[in-house]
Amino acid sequence: MKLTIIGGGIVGCVFALALSYFSDNQINIDLIDINDPETQHNKKFFHDRTLAISHYTYYMLKNIKIWKHLKKYVTKISSIEVSNQMNFNKIKISANDFLLPFLGHTISSKIMRSELFKLLKIKSNIYLHCPAKPIKIIRKQNKNIIILNNGNQIISNLTVIADGMHTNIAKQFNITYKQYSYKQIAMSSKICTTLSHNHCAFEKFLLSGSLAILPLELNVNALIWCFPENNLNSILSWNKNQLSKEIQNIFGFHLGSLFVIGKQQYIRLNLKVAEQRISHRLVLIGNSAQIIHPIAGQGLNLGIRDAILLAKVLKSELAKSKDLGNYKILLKYQNIRKIDQLRTICITNFLINIFSNQIPYLVFIRNLGLYILNYFPFLTKKIIKNMFLNRNYYN
Ligand SMILES: Cc1cc2nc3c(=O)[nH]c(=O)nc-3n(C[C@H](O)[C@H](O)[C@H](O)COP(=O)(O)OP(=O)(O)OC[C@H]3O[C@@H](n4cnc5c(N)ncnc54)[C@H](O)[C@@H]3O)c2cc1C
């Protein structure tokens, strides 16, 4: 039984490891990536960024014995402070409210991917083809034949597409996407602050976007600033002093004085959702299946749920069908994932629309919303629970 994964980003790697774990290394897996994890040279396909990993993702990675290899690289998030630009109602949620040791963690995507590759390399059932890319995929009734640019040929029963946001593979098979531009840019960078973050993450909703500050080392934090795309040229012309001043104006002095350090990455923000995530002997997972706004830091968390659920479905159906690419199995996976995907997209879009909107009645609703959340903590808990602790999607 053979399976091929195209794309060894974090989602592709987690899927390979999860499937090996659930199937006791019984399934042979070929993993192809254009980017060698040692060099990660192809910047078009791989950006190093700080990722917030939810408590639930931690729980899933711990279950499949991956977490212990990552834990020395993570910073815990003990509390989250949510505020908006227009009023003074702030909401602070702490892990203690849920009787948990933490709400989530942050980690560098580059480190996480490198550590996952180290684990892949020691698995006898996993064959890595990096750097390489498919130049032709031929689908037959009972197998796929993948021809690589290095001349190698791979035959498998199922191809899992995890090639991320630039997904071209899926388009070759007439998989269509619904796409919507947020007309925003996300800038990610790091800041150093005079006060320690104390493991608190900050999310500030702005009329024109959002600002997230995530804890890293003692006085260093990750910064994700989403702003209208029309402002890009003027922001690009600022030097670090001007940029730091602007971020300080927006964020205030919660962490004392701040200064932007390191490089800035800019990315145009779109919602992109595959209209079908399966086809004959093909499945899409992670960013190949959906790209969402980073406002709530949910994209990777959703992709990891795709990966682990697909591994679980394949494992549980395998005993009955003996064919990994059986369409009924793929259909089962697609149906299971629909609700989680829709729910995550809806919550994310709700946050963007309600907080970044200047239509008078929506401003009123937004302020009322924050007010209610402030005075009815159980509602706040419910939303956070949905975003970070959604265990019900595991089974
Ligand atoms: C600014 C910003 C901040 C974010 N913050 C968070 C956060 O805090 N928490 C969170 O959960 N999510 C966050 N996200 C989302 C998260 O980064 C993505 O959802 C996640 O990285 C997607 O992983 P992936 O493995 O699906 O895709 P990718 O990381 O894009 O990996 C795709 C892989 O496929 C390979 N590839 C591409 N084409 C080919 C090909 N033709 N052949 C072979 N290989 C190929 C690439 O080299 C790459 O390794 C953020 C996104 C942005 C833009």
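Both ligands and their constituent atoms are indexed starting at 1 by order of listing.
The Gly8 neighbourhood of ligand 1 comprises atoms 49 (O), with distances under 4.0 Å to a heavy atom of that residue. Against a heavy-atom cut-off of under 4.0 Å, Gly286 is close to the following atoms of ligand 1: 26 (O). If you number the atoms of ligand 1 from 1 as listed, the ones under 4.0 Å from a heavy atom of Val11 come out as 23 (O), 24 (P), 25 (O), 26 (O). Less than 4.0 angstrom separates some heavy atom of Ile10 from each of these atoms of ligand 1: 25 (O). Taking every heavy atom of Pro134 and a limit of under 4.0 angstrom, the matching atoms of ligand 1 come to 42 (N). Atoms of ligand 1 found under 4.0 Å from any heavy atom of Gly164, numbered from 1 in the order shown, are 27 (O), 30 (O), 32 (C). Counting the atoms of ligand 1 from 1 in the order shown, those under 4.0 Å from a heavy atom of Gly9 are 25 (O), 31 (O), 33 (C), 49 (O). Interface atoms of ligand 1 facing Arg113, defined by a heavy-atom separation under 4.0 Å, are 49 (O).
In terms of N/O distances under 3.5 Å, ligand 1 is not approached by Ser188. When only interatomic distances are considered, the shortest N/O to N/O separation between Ile224 and ligand 1 does not fall below 3.5 Å. For Gly297, a nitrogen or oxygen atom sits less than 3.5 Å from a nitrogen or oxygen atom of ligand 1, counting backbone and side chain alike. Inclusion of Ala52 in the set of residues having an N or O under 3.5 Å from an N or O of ligand 1 is warranted. On a distance-only criterion, Leu300 and ligand 1 share at least one N/O pair closer than 3.5 Å. Inclusion of Ile285 in the set of residues having an N or O under 3.5 Å from an N or O of ligand 1 is not warranted. At a 3.5 angstrom cut-off on N or O pairs, Lys133 does not count as close to ligand 1.
Residue contacts with ligand 1 do not include Gly303, since none of its heavy atoms lies under 4.0 Å from the ligand. Assignment of Gln265 to the shell around ligand 1 is not supported, since no heavy atom sits closer than 4.0 Å. For the pair Ser109 and ligand 1, no heavy-atom separation below 4.0 Å is found.
At a heavy-atom cutoff of 4.0 Å, ligand 1 is contacted by the side chain of Pro294 but not by its backbone. Residue Ser288 does not touch ligand 1, judged by heavy-atom distances below 4.0 Å. In Ile267, the part holding a heavy atom less than 4.0 Å from any atom of ligand 1 is the side chain.
The number of heavy atoms from other shown groups lying within 6.0 Å of NZ (Lys315) does not exceed 12. With a 6.0 Å radius and a threshold of 12 heavy atoms from other residues, nucleotides or ligands, Gln141 has its CD atom at or below the threshold. Within 6.0 Å of atom NZ in Lys263, 12 or fewer heavy atoms from other residues, nucleotides or ligands are found, so the atom counts as exposed in its surroundings. Counting heavy-atom neighbours within 6.0 Å of Lys272 NZ, excluding the residue itself, gives a total above 12.
His197 and His199 have perpendicular rings, their planes meeting at more than 60° on a 0 to 90° scale where under 30° would count as parallel. Ring geometry for His55 versus Phe102: interplanar angle of 30 to 60°, hence tilted. Taking the six-membered ring where tryptophan is involved, the planes of His105 and Trp67 are tilted, since the angle between them lies from 30° to 60°.
Salt bridge status for Arg281 with Asp323: present, with a side-chain N to carboxylate O gap under 4.0 Å.
Of the listed options Leu214, Asp33, Asp163, Asp163 places a heavy atom closest to atom 32 (C) of ligand 1. Counting only non-hydrogen atoms, the option in Asn287, Asn149, Thr106, Ile135 that gets closest to atom 22 (C) of ligand 1 is Asn287.
In this structure, the side chain of Ser109 engages the main chain of Arg49 through a donor-acceptor pair within 3.5 Å. At distances below 3.5 Å, not a single donor-acceptor pair connects side-chain atoms of Glu203 with backbone N or O atoms of Val82.
Smallest separation of non-hydrogen atoms from Ile154 and Thr4: CG2-OG1, 3.5 Å.
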Does the pair Ile147 and Ile138 meet the rule for a side-chain contact (heavy atoms from CB on, under 4.5 Å), with working shown? CA-CA 8 Å; Ile147 299 157; Ile138 305 155; 4.0 Å; yes

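Aromatic ring centroids of Tyr182 and Tyr180 lie under 6.0 Å apart.
Side-chain contact, Arg277 with Tyr333: a donor N or O sits under 3.5 Å from an acceptor N or O.
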